[in-house]
Amino acid sequence: MEVNIKYINDDDKCLGITGMAIAIVVWDAESLVSGISLDAPSDSSIEFMQEYYFQCSPSVSAKVAWDKVLERFRLSVGLLVSNVLCRRLVGSHSQSTREEVALLREMIGEEGRYLCSLEEDEIDAVFNKTYTYVNRIFSHSGVQEVARRFAGKLTSLRSMTIGDISEELAALRML
């Protein structure tokens, strides 16, 4: 069975971007994003600030550099998992299939090995912790309602700045 996590239509893409916007707020990463766009190509829906693309300076210690790279990797994992789980739990009211979870883990594994030189057990730990956390977030009925409202707003506006995102998702801080 071929597994595919590509968007099936504009509504699906909107929910995926919504999931990532929620992850940005949950991971307190607003300073790394300038906005989102429903009309951008799928791999460019989030416009990151230059700070997201950590560039190591010779004056930065190896530990600080490693921590930054690992922090960005964890955020990337959160964005990817949030994209898929928002689409499944909010959009289709279903859980991801085992095959989807395995595909996500495989994709994350490639990045973890490439970006961070992580071992498989380290990748598994990051993935499992993130997946469990994000699943709990998007299983919450209050978060689902916020996600639906946000997706409706994104559909009508087509793009949002980080200020718009923070304002629209302020209700998450109350849950």
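Hydrogens, waters and symmetry mates play no part in the numbers below; they use all other heavy atoms, side chains included.
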S.K.: Between Gly19 and Cys86, what is the shortest heavy-atom contact and its length?
M.R.: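 Heavy atoms only, the tightest pair is CA-CB, 3.6 Å.
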S.K.: For the residue pair Ser139 and Leu89, what are the closest heavy atoms and their distance?
M.R.: OG-CD1, 3.9 Å
S.K.: For Lys153 and Asp164: C-alpha separation, side-chain torsions, deciding distance, then whether salt bridge (Lys or Arg N to Asp or Glu O under 4.0 Å) applies.
M.R.: CA-CA 10 Å; Lys153 187 80 165 194; Asp164 298 331; over 6 Å; no
S.K.: Could you pull out the closest heavy-atom pair between Ala23 and Ser82, with the gap in Å?
M.R.: CB-OG, 3.4 Å
S.K.: If you look at every heavy atom in Ser96 and Val101, which pair is closest and at what distance?
M.R.: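 Minimum heavy-atom separation between Ser96 and Val101: CB-CG2, 4.0 Å.
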S.K.: Picking from Ile36, Asp12, Ile22, what satisfies side chain to side chain contact (heavy atoms under 4.5 Å, CB included) with Ile17?
M.R.: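 The side chain to side chain contact (heavy atoms under 4.5 Å, CB included) with Ile17 is passed solely by Ile36 among Ile36, Asp12, Ile22.
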S.K.: Please check: side-chain N/O of Glu122 versus main-chain N/O of Glu119, any donor-acceptor pairing under 3.5 Å?
M.R.: yes
S.K.: Tell me whether Asn83 contacts the main-chain N or O of Leu79 through its side chain, where contact means a donor paired with an acceptor under 3.5 Å.
M.R.: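 Checking the backbone N and O of Leu79 against the side chain of Asn83, no donor-acceptor pair under 3.5 Å is found.
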S.K.: Do Tyr52 and Ser34 have side-chain atoms, one donor and one acceptor, less than 3.5 Å apart?
M.R.: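 Per modelled atom types, Tyr52 and Ser34 side chains form no pair under 3.5 Å.
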S.K.: When the ring centroid of Tyr133 is compared with that of Trp27, is the distance short of 6.0 Å?
M.R.: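 Distance test on ring centres: under 6.0 Å, yes.
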S.K.: Can you name the one residue among Leu85, Val77, Val126, Ile108 that meets side chain to side chain contact (heavy atoms under 4.5 Å, CB included) with Tyr131?
M.R.: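 Looking at Leu85, Val77, Val126, Ile108, the match for Tyr131 under the side chain to side chain contact (heavy atoms under 4.5 Å, CB included) is Leu85.
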S.K.: Decide yes or no for Arg72 and Tyr53: does some side-chain heavy atom of the first lie under 4.5 Å from some side-chain heavy atom of the second?
M.R.: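 No; the side chains remain at least 4.5 Å from each other.
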S.K.: Has Arg87 got a side-chain atom pairing as donor or acceptor with Ile5's backbone, closer than 3.5 angstrom?
M.R.: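 Yes; judged by distance alone, with no hydrogens or angles, the pair exists.
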S.K.: Check for a donor-acceptor pair, side chain of Gln144 on one end and backbone N or O of Phe138 on the other, with a separation under 3.5 Å.
M.R.: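 Answer holds: yes.
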S.K.: Does the side chain of Ser61 reach to within under 4.5 Å of the side chain of Trp66, using non-hydrogen atoms?
M.R.: no
S.K.: Quick one: are Leu38 and Leu157 in side-chain contact, heavy atoms under 4.5 Å?
M.R.: no
S.K.: Within the distance-only criterion (no hydrogens, no angle test), does the side chain of Ser44 pair as donor or acceptor with the backbone N or O of Ala40 below 3.5 angstrom?
M.R.: no
S.K.: Does the side chain of Thr155 reach to within under 4.5 Å of the side chain of Asp10, using non-hydrogen atoms?
M.R.: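 The answer is no; the side chains never approach within 4.5 Å.
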S.K.: For a quick check under 3.5 Å, do Asn135 and Thr132 share a side-chain donor-acceptor pair by atom type?
M.R.: no
S.K.: Give the C-alpha distance, both sets of side-chain angles, the deciding distance and a yes or no for salt bridge (Lys or Arg N to Asp or Glu O under 4.0 Å) between Glu71 and Arg74.
M.R.: CA-CA 5 Å; Glu71 175 187 315; Arg74 286 183 178 131; over 6 Å; no
S.K.: Give me the one residue out of Glu100, Arg105, Met107 that meets side chain to side chain contact (heavy atoms under 4.5 Å, CB included) with Leu103.
M.R.: Met107
S.K.: Would you say the side chain of Val33 lies within less than 4.5 Å of the side chain of Glu47, judging by non-hydrogen atoms?
M.R.: no
S.K.: Minimum heavy-atom separation for Leu15 and Gly91, please, with both atom names.
M.R.: CD1-CA, 3.3 Å
S.K.: What I'd like to find out is whether the side chain of Ile46 reaches to under 4.5 Å of the side chain of Ile24, using heavy atoms alone.
M.R.: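 Side-chain contact under 4.5 Å: yes.
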S.K.: I need the minimum non-hydrogen distance between Ala171 and Arg149, along with the two atoms involved.
M.R.: CB-NH2, 4.2 Å
